[in-house]
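Shown next, in structure tokens, is the structure this report addresses.
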There are 2 protein chains.
Amino acid sequence: MARPQTTRKKRANGVESRQRILDAAVEIAGERGYEGTSIAAVSAKCGLPASSIYWHFKDKDDLIAAVIERSFGTWLAAVELPDEAAGTPVERAAHMAAGVARSLLEAPDFLRLGLMLALENRPTEPRGRTVFLQVRDIAARKITDVVTELFPDLDEEAVRLLTTYAVAGADGLFVQREIQGEAVDLVAMFEFHARMVHDAALNLAARPTT
Amino acid sequence: MARPQTTRKKRANGVESRQRILDAAVEIAGERGYEGTSIAAVSAKCGLPASSIYWHFKDKDDLIAAVIERSFGTWLAAVELPDEAAGTPVERAAHMAAGVARSLLEAPDFLRLGLMLALENRPTEPRGRTVFLQVRDIAARKITDVVTELFPDLDEEAVRLLTTYAVAGADGLFVQREIQGEAVDLVAMFEFHARMVHDAALNLAARPTT
DNA sequence: CTCCTGCTGTAGCGATCGCTACAATTGGAA
DNA sequence: TTCCAATTGTAGCGATCGCTACAGCAGGAG
């Protein structure tokens with residue numbers, strides 16, 4: 001604690017400026033999309049000149065990618081999956097889903113921006129989109145793991161189906177919430193969705209492959 | 001058929017040009033989003049000068065709104081809901097869902113562009129977004145009607161829940177398809193989704209309001 | 001002190017943005 | 001034929017785009 005350790009101490013700004021830039025960028029990108037996020041607008045919102053933005057980030061594409069990465073980080077921090085343990089499979093699934101729903105309410109930027117980027121398909125894909133799709137893939141794999149753990153009898157095909165359906169439901173409910181606002185009780189809907197997927201898993205486990 | 005009726009006959013282009021412009025615009029908007037759709041790019045793709053675009057459309061916002069409206073029209077034409085009649089409720093629901101899925105495969109532009117616009121929330125909302133949300137609302141009401149018809153015993157709350165869930169599932173599955181491509185069998189997933197919603201309706205009808 | 005490095009401020013590059021003014025063309029009506 | 005209206009072509013407006021060059025300024029190291 002006593003020694004300066006590395007070169008960086010408190011200095012002037014630097015890290016804080018980077019955060020200010022990302023804060024401004026995430027807000028504007030959420031309003032106006034990829035192309036709509038102009039450097040000048042970000043600069044105006046965060047109070048730093050364009051040159052500062054280009055000192056912290058290589059170019060606009062790099063900035064957007066950083067926005068995605070950071071918003072993913074804050075979302076991850078908000079998730080905090082409950083310890084594997086208590087209750088029946090239904091209860092565990094519903095509890096997990098509720099946790100995810102709450103995290104999405106608390107930190108919606110990641111999924112919102114990600115879906116916006118994902119729906120576009122340009123000839124040359126922005127880095128932010130790639131990052132989002134990779135992260136999303138990891139999340140999907142996590143769901144696959146949970147499903148196979150809760151229902152070991154399911155064949156591979158059924159697990160794939162359930163995973164796809166689970167992710168799709170989450171995306172769709174999130175979109176509904178974004179569009180309709182507070183009229184959608186995201187936590188309740190996620191719990192409902194979890195029960196649906198659970199019941200489907202039971203049925204599929206009973207008679208394999210319809 | 002004999003009389004010229006109104007002033008417009010076959011003339012030169014006009015209507016066809018308008019279609020060419022919309023064709024180009026829908027493609028570019030699907031790739032690059034709202035801000036990314038530059039008039040110059042549309043002009044280059046359809047081969048008509050910018051002045052022609054501005055002769056047919058008031059401004060860029062009007063063009064995008066027209067794109068949404070027309071893509072909605074072609075989607076509507078692709079839906080062709082089956083006549084109310086045959087089979088059990090499950091079969092009817094699954095059949096309807098399959099029809100919607102096929103129409104989305106055939107004419108995905110409407111939902112894709114619409115979702116892109118819907119996820120953005122600018123301070124001043126583009127007309128295209130408003131149009132999409134209105135149309136989407138009508139579609140949701142249609143689902144509400146079908147649900148109440150198939151399950152008259154459900155209370156209002158349950159119908160609302162099921163409608164939201166049904167729409168969300170459709171959106172989410174569509175997004176999955178857009179991201180993962182042909183790896184997602186949209187028709188099968190929609191049929192599965194329909195059965196899910198159906199089963200949920202049965203449960204909710206059995207014991208009202210959990 | 002002198003230096004170096006991290007960061008900010010100023011100015012501006014060429015390209016593209018949305019959009020407009022206006023002349024040219026063209027086919028139908030008279 | 002003359003005229004009108006619908007459409008396209010040319011040229012360009014001012015604003016903004018992403019991005020860069022470069023000078024200025026701070027504080028820690030020597």
Side-chain angles (χ1 to χ4, degrees), chain A residues 2-25 28-29 31-67 122-128, chain B residues 2-25 28-29 31-67 122-128:
Chain A
R3 224 80 49 69
Q5 192 181 358
T6 67
T7 63
R8 174 174 46 83
K9 294 243 196 86
K10 65 194 170 192
R11 192 51 185 271
N13 296 17
V15 256
E16 187 208 318
S17 291
R18 195 189 148 93
Q19 299 304 320
R20 291 231 317 265
I21 294 171
L22 287 174
D23 287 339
I28 295 176
E31 283 177 1
R32 312 220 272 261
Y34 182 88
E35 297 271 357
T37 305
S38 74
I39 301 296
V42 174
S43 165
K45 174 147 287 189
C46 72
L48 290 169
S51 57
S52 287
I53 300 180
Y54 281 98
W55 192 90
H56 287 282
F57 305 95
K58 178 176 163 292
D59 53 18
K60 179 175 162 175
D61 204 55
D62 190 40
L63 171 62
I64 301 289
V67 164
R122 340 192 153 218
T124 76
E125 151 163 334
R127 259 190 60 210
Chain B
R3 223 81 48 68
Q5 191 182 0
T6 66
T7 61
R8 176 174 46 83
K9 293 243 196 88
K10 66 190 170 192
R11 191 49 186 273
N13 295 17
V15 256
E16 187 209 317
S17 291
R18 197 187 147 95
Q19 299 303 320
R20 293 232 316 263
I21 294 170
L22 288 174
D23 286 339
I28 294 176
E31 283 178 1
R32 312 221 272 259
Y34 181 87
E35 298 269 358
T37 305
S38 73
I39 301 296
V42 174
S43 165
K45 175 146 288 189
C46 71
L48 290 169
S51 58
S52 287
I53 299 180
Y54 281 98
W55 192 90
H56 287 283
F57 306 95
K58 179 175 159 291
D59 54 17
K60 178 175 162 175
D61 204 55
D62 190 39
L63 171 62
I64 301 290
V67 164
R122 339 193 152 217
T124 76
E125 152 163 333
R127 260 190 59 212

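- With D:dG18, D:dT8, C:dT8 as the choices, the nucleotide that has an atom nearest any side-chain atom of A:Trp55 turns out to be C:dT8.
- Note on B:Ser17: every side-chain N or O is 4.0 Å or more away from OP1 and OP2 of D:dT7.
- In this structure, B:Thr37 reaches the sugar-phosphate backbone alone: every heavy-atom distance under 4.0 Å involves primed, P, OP1 or OP2 atoms, never a base.
- Considering only side-chain atoms of B:Ser52, the nucleotide from C:dT10, D:dC19, D:dT8 that sits closest is D:dT8.
- No side-chain heavy atom of B:Asn13 sits under 4.5 Å from any side-chain heavy atom of B:Leu48.
- Between A:Tyr34 and B:Ala50, the residue anchored closer to the 5' end of DNA chain D is B:Ala50, taking for each the nucleotide with the nearest heavy atom.
- If you measure from atom CG of A:Asn13 to atom C1' of C:dG6, you get 11 Å, rounded to the nearest angstrom.
- Here the P atom of nucleotide C:dG18 and the CZ atom of B:Phe57 are 15 Å apart, to the nearest Å.
- Contact between B:Gly47 and B:Arg20 at its shortest, heavy atoms only, is C-NH2, 4.3 Å.
- Applying the 4.0 Å criterion to OP1 and OP2 of C:dC17, one finds that B:Ser38 has a side-chain N or O inside that range.
- With rounding to whole Å, A:Ile64 atom CD1 is found 13 Å from D:dC17 atom P.
- Look at CD1 on B:Ile21: it is 11 Å from P on D:dT7, rounded to the nearest Å.
- Nearest to the side chain of A:Pro49, among D:dT8, C:dT8, C:dC19, sits C:dT8.
- Side-chain nitrogen and oxygen atoms of A:His56 include none within less than 4.0 Å of the OP1 or OP2 phosphate oxygen of C:dG6.
- The side chain of A:Tyr54 has D:dT20 as its nearest neighbour among C:dC17, C:dC19, D:dT20.
- Between the side chain of B:Asp61 and the backbone N or O of B:Arg127, at least one donor-acceptor pair lies under 3.5 Å.
- Taking atom NZ of residue A:Lys60 and atom P of nucleotide C:dA15, one finds them 19 Å apart after rounding to whole Å.
- In this structure, CD1 of A:Ile39 is placed 18 Å from C1' of C:dA11, rounded to the nearest angstrom.
- In this structure, the separation between CD on A:Glu35 and NZ on A:Lys60 is 5.0 Å, given to the nearest 0.5 Å.
- At a threshold of 4.5 Å between non-hydrogen side-chain atoms, the residues A:Ile39 and A:Phe57 do not count as touching.
- Protein atom CZ of A:Arg18 is 15 Å distant from nucleotide atom P of C:dG6, rounded to whole Å.
- Counting to the nearest Å, the C1' atom of D:dG18 and the CG atom of A:Asp62 are 14 Å from each other.
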